[in-house]
Amino acid sequence: MNLLTTILLITTTLSILLALVSFWIPLMNPDAEKLSPYECGFDPLGSARLPFSLRFFLVAILFLLFDLEIALLLPLPWGMQLSCPTNTFMWASSVVILLTLGLIYEWIQGGLEWAE
């Protein structure tokens with residue numbers, strides 16, 4: 001029982017200490033740049049009808065695609081427990097190879113260049 005009380009005391013003290021420190025660390029005088037809303041690098045006070053670069057959205061979609069790839073490959077270590085893990089690893093490697101080929105294609109086409 002003494003160990004449980006000590007653990008609860010330490011976690012409560014640490015939680016309260018971190019909550020108090022989080023109020024003291026931020027700047028109390030933020031400038032206008034920090035107070036302005038930020039949306040995709042556009043001026044929030046300007047016109048909403050300005051043309052924008054599609055490269056920003058291409059990079060965002062590529063990021064989401066590779067983020068999804070990681071989510072699909074996360075359960076792969078549990079594939080060893082299946083009856084035929086070779087098929088699981090074959091399909092996983094085919095997904096990785098397909099996405100790698102797509103990344104190479106985008107790179108060759110210049111889709112990953114931010115500035116021209």
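Here CG of L68 is found 11.0 Å from CZ of F66. Values are rounded to the nearest 0.5 Å. The line from OG of S15 to CG of L20 is 11.0 Å long, rounded to the nearest 0.5 Å. Rounding to the nearest 0.5 angstrom, the gap separating the CG atom in L3 from the CG atom in L8 is 9.5 Å. Of the inter-residue distances, the one linking L17 atom CG with T12 atom OG1 reads 12.0 Å to the nearest 0.5 angstrom.
Note on M90: it does not cluster hydrophobically with V96, by side-chain heavy-atom contacts below 4.5 Å among ILVMFWY residues. Following chains of ILVMFWY side-chain contacts shorter than 4.5 Å, one cannot reach W91 starting from L72, and the two form parts of different hydrophobic clusters.
The backbone N or O of A19 lies less than 3.5 Å from a partner atom in the side chain of S22, making a donor-acceptor pair.
For the side-chain contact (heavy atoms from CB on, under 4.5 Å) test with L14, the passing option among L18, I16, T11 is L18; the others fail. Between I97 and the choices L101, T100, L99, the side-chain contact (heavy atoms from CB on, under 4.5 Å) rule is met once, by L101.
T6 pairs by the side-chain contact (heavy atoms from CB on, under 4.5 Å) definition with N2, I10, not counting sequence neighbours.
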